[in-house]
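The next block holds one structure in the form of structure tokens; read it before the comments.
Lettering of chains follows the sequences in order, A, B, ..., and the numbering in each one begins at 1. Computed over heavy atoms, backbone and side chain alike; hydrogens, waters and symmetry mates excluded.
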Number of protein chains: 4
Amino acid sequence: MSNEQAKNPPGRPRSEKADQAILQTTLALLAEAGYAAISFEAVAARAGVGKTTIYRRYSSKEELVADALESVRQEISLPDTGHLWRDIELLIESASASTTNSFGRQLVALIVSTASTHPHFAQVYWNKYMQPRQQAFSVILERAKARQEIGADIDGALVFDLLSGIMLYALMFPPTTESWSAYVRRALELLLRGSGR
Amino acid sequence: MSNEQAKNPPGRPRSEKADQAILQTTLALLAEAGYAAISFEAVAARAGVGKTTIYRRYSSKEELVADALESVRQEISLPDTGHLWRDIELLIESASASTTNSFGRQLVALIVSTASTHPHFAQVYWNKYMQPRQQAFSVILERAKARQEIGADIDGALVFDLLSGIMLYALMFPPTTESWSAYVRRALELLLRGSGR
Amino acid sequence: MSNEQAKNPPGRPRSEKADQAILQTTLALLAEAGYAAISFEAVAARAGVGKTTIYRRYSSKEELVADALESVRQEISLPDTGHLWRDIELLIESASASTTNSFGRQLVALIVSTASTHPHFAQVYWNKYMQPRQQAFSVILERAKARQEIGADIDGALVFDLLSGIMLYALMFPPTTESWSAYVRRALELLLRGSGR
Amino acid sequence: MSNEQAKNPPGRPRSEKADQAILQTTLALLAEAGYAAISFEAVAARAGVGKTTIYRRYSSKEELVADALESVRQEISLPDTGHLWRDIELLIESASASTTNSFGRQLVALIVSTASTHPHFAQVYWNKYMQPRQQAFSVILERAKARQEIGADIDGALVFDLLSGIMLYALMFPPTTESWSAYVRRALELLLRGSGR
DNA sequence: TGTTAAACGAGACGGTACGTCCTGTCTTCTA
DNA sequence: TAGAAGACAGGACGTACCGTCTCGTTTAACA
């Protein structure tokens, strides 16, 4: 077949070094000064790269940042202590840990900021960060079902979504009468109440 | 008493007309072209007002928009059909209605966009838009408790928050396998399941 | 007769104190920071006076400054040593003295700056500063004529004008090969050469 | 040799077209509306050029105008009729001609206005406009000396300066009892009196 | 081993918006 | 009715980025 093998285009190939410099600079700026501080001009200057070189790769700030995020390695640990609550506890703790550092905070803020205006952006975040966690959560609930800690009819994904939703919500409108974590725990209890734990 | 009567400050008082022109122009731009299209320059030009006049009142775009939002009249209807589900249905419908028009959409997007970077912003939105609805929701649940449709121990505010949270969440990460409303309904059912409806 | 006596206008009379404050502040600013630094705003602020109060008196920056200049007391000394050259020497020295201090320098610069665009301005300067000196110079030359130091047909005013002219000229285009005063002296010699000194 | 050949700097070179547009617009504004009407904003708008493009070249209005003046072509005609007075007559006439048009008037006014505050400005004017005329004048006097119309000891440059000076002076303080040209002629006669014409 | 064609860094281009300053006018309260 | 205080519409200032463009210079695959 003709295009089975991607033929090398003529001319000088894209510089891998420039790729790296651009992405790393983008992530660095994101962590240090936030999304608003990212501009093609700033990235180019700091990465020691021409503006054209960036425009050739990305046609908007969002594309650039999305790609930078995609390049970050993520590892999800899947706790398995044999007890539903302890597993969940560990999961939340791990999520919390990756959100409290400077980069994580900026990242969440960024997602919230641009989810509405740049859906593609949220898509990347979903695939890369949320979905794996949703699946991990589901696995944990399946194990709990097998141990008959909770009812078999409960929808793990939905519980995860509700939990994520209220975390998001609490981020925008922080609870005033109790701590953030107490609030989330209360929500979790409500969610699992009917499930005969 | 000394400061019982607020004394007029010296000098020409702020122009009420300018106040109005600024706020209305801001809201108009928000509805028409979105938050990003709002600039002091644009508002000044369209409102027929000097830039200085705006800067005298607001020191940032966010302050300006926050004040504009605060100036919008909001009315919450409190349905009372005698049936929990029908009441909730009506409430959701009304919320949905005020979100589907151009201005509402821009507004929600804006809140989500800036909640993290400008907490004050979210505060205004909470006081003006969310809290009244939370209270309305609580009233409806109280009535349902009185009719023994649901258990007396359920926390209306928390349910409202969880519901709002998942709506927000679904806005950022739209469900792929089912419709938005079906998804929300499923969540609501899960929430009220343990409550002996 | 009706208007023989300037009738007091109704209402509050103009404040003498404000008059003074305005003029002095104007002169101070002129000496300190130059003509360009003078603005109605700046004068008002520093004089502790409303902008309106200044606008009521002067309709342009030039009027204001012209009036301020007019308020400065000037004294011309008329040297009479019995020798033409010594008299001229003293006159030049005195003129030079009143030009070398900060205020004098600013003043001359100002006149040069605005002579073309604001003739009225130069008029004030002429009446107040130049004419008296021209007359003093003429008197000195008349005395020299009486002593037969110079010919009777020489036009003192014209010589003064030529001398002033070249001083002005030398101010704009400073001589490069000799000192300012040597240059002026050379000119003076040329001017009086034909006059049998 | 190393720097014999000026190496091209990296990056896109300055646009010659923009250079021209800026200078011509500056001269046009100067001729039409005077120095005060020149603003970076106005020049940019009318020249169809970004403000930045002008700021990249000039850091002040004065620099800009100085360069614009420097770009104007000037030709000095050197009359040679064989008679001193007729030559001078022609020279003055030519100088007068180039000063009576709109541009010339603005130009002289400008020089006078800013000579004191922006010496560099006067420098350009001197090199470009005055010096050539001073030299032409000297040549004419030299010829007159050769013809023995005037004494050999007369300093042409100084006479020129005195003449220029009184013209300048008469511009600032116009003669009240006689015409401008009669006044200048009288001065010229005084200057050349001792020279046995 | 050259040729060639695209990518590269650098930086200028026409623009838009920023936030500050000043202008000349106006509107209020106080004296 | 003058005065101080200060708000008003307007407009220029000088700066920062935008997204596009034009340079001279690599850099590798193809001829």
Side-chain angles (χ1 to χ4, degrees), chain A residues 7-15 17-18 38-45 47-57 59-61, chain B residues 7-19 21 37-45 47-57 59-61, chain C residues 8-15 17-18 21 37-42 44-45 47-57 59-61, chain D residues 7-19 21 37-45 47-57 59-61:
Chain A
K7 208 186 135 199
N8 269 10
R12 178 175 176 177
R14 297 264 172 99
S15 155
K17 211 171 104 189
I38 293 179
S39 71
F40 278 56
E41 203 113 329
V43 173
V49 140
K51 270 202 289 180
T52 327
T53 303
I54 310 184
Y55 275 107
R56 198 172 289 120
R57 289 162 166 75
S59 54
S60 74
K61 195 163 99 165
Chain B
K7 209 188 138 202
N8 271 9
R12 178 176 177 176
R14 298 270 171 94
S15 157
E16 190 104 8
K17 212 169 103 189
D19 288 351
I38 292 179
S39 73
F40 278 55
E41 204 114 325
V43 173
V49 141
K51 268 200 291 180
T52 326
T53 303
I54 309 184
Y55 276 107
R56 200 173 287 121
R57 291 163 166 75
S59 54
S60 73
K61 196 162 99 166
Chain C
N8 269 11
R12 176 174 175 179
R14 296 257 173 107
S15 156
K17 212 169 102 190
I38 293 178
S39 72
F40 278 56
E41 201 111 329
V49 140
K51 270 199 292 179
T52 327
T53 304
I54 310 183
Y55 274 107
R56 199 173 287 120
R57 290 162 166 76
S59 55
S60 74
K61 194 163 100 166
Chain D
K7 211 188 135 202
N8 272 8
R12 178 177 178 174
R14 298 268 170 94
S15 157
E16 190 105 4
K17 212 170 104 190
D19 287 350
I38 294 179
S39 72
F40 278 54
E41 204 115 327
V43 173
V49 141
K51 268 201 290 180
T52 325
T53 302
I54 309 184
Y55 276 107
R56 200 172 287 122
R57 291 163 166 73
S59 54
S60 74
K61 194 163 99 167

Lys17(B) NZ to dC26(E) C1', straight-line distance once rounded to whole Å: 12 Å
At less than 4.0 Å, is any side-chain N or O atom of Ser39(A) found next to OP1 or OP2 of dC18(F)? Yes or no. yes
Whole Å only: how far is the CZ atom of Arg12(A) from the P atom of dT25(F)? 13 Å
Rounded to the nearest 0.5 Å, how far does NZ of Lys51(C) lie from CD1 of Ile54(C)? 9.5 Å
Output the residues of residues 50-57 of chain B in contact with DNA chain E, where contact means a heavy atom of the residue under 4.0 Å from an atom of the strand; sort by number or write none. Lys51(B), Thr52(B), Tyr55(B)
DNA chain E: 5'-proximal contact among Ala18(D) and Ser59(C) (nearest heavy atom): Ala18(D)
May I have the distance from Glu16(D) (atom CD) to dT22(F) (atom P), rounded to whole angstrom? 16 Å
Pairwise 5' ranking along DNA chain F for Pro13(D) and Ser15(C), keeping only the more 5' one: Ser15(C)
In terms of heavy-atom contacts, Ala21(D) and Ala47(D) come closest through O-CB, 3.8 Å
Would you please name every residue forming a side-chain hydrogen bond (donor to acceptor under 3.5 Å, both in side chains) with Arg56(D), sequence neighbours left out? none
With nearest nucleotide decided by heavy atoms, which residue, Gly48(C) or Ala47(B), maps closer to the 5′ end of DNA chain F? Gly48(C)
Partners of Ser59(C) by side-chain hydrogen bond (donor to acceptor under 3.5 Å, both in side chains), sequence neighbours excluded? Glu63(C)
Shortest non-hydrogen pair, Ala44(C) vs Gly50(C), comes out as CB-C, 4.2 Å
Calculate the interatomic distance between Phe40(D) atom CZ and dC21(E) atom P; express it in whole Å. 20 Å
Can you see which heavy atom on Ala42(C) is nearest to which on Ala37(C), and at what distance? CB-O, 4.1 Å
For Ala18(C) against Arg57(C), the heavy-atom pair lying closest together: CB-NH2, 4.0 Å
Residues in salt bridge (charged side-chain N to carboxylate O under 4.0 Å, His left out) contact with Arg14(C), at least two apart in sequence or another chain: none
Please report, rounded to the nearest Å, how far the P atom of dA6(E) is from the CZ atom of Arg14(A). 12 Å
In whole angstroms, how far is the C1' atom of dC29(E) from the CG atom of Asn8(B)? 8 Å
When the distance from CD of Glu41(C) to P of dC8(F) is rounded to whole Å, what number comes out? 14 Å
Which residues satisfy the salt bridge (charged side-chain N to carboxylate O under 4.0 Å, His left out) test with Lys61(B), sequence neighbours excluded? none
Give the angle between the helix axes at the two ends of the helix from dT1(E)-dA31(F) to dA31(E)-dT1(F), taking five base pairs at each end and rounding to 10°. 10°
Ile38(D) CD1 to dC13(F) P, straight-line distance once rounded to whole Å: 11 Å
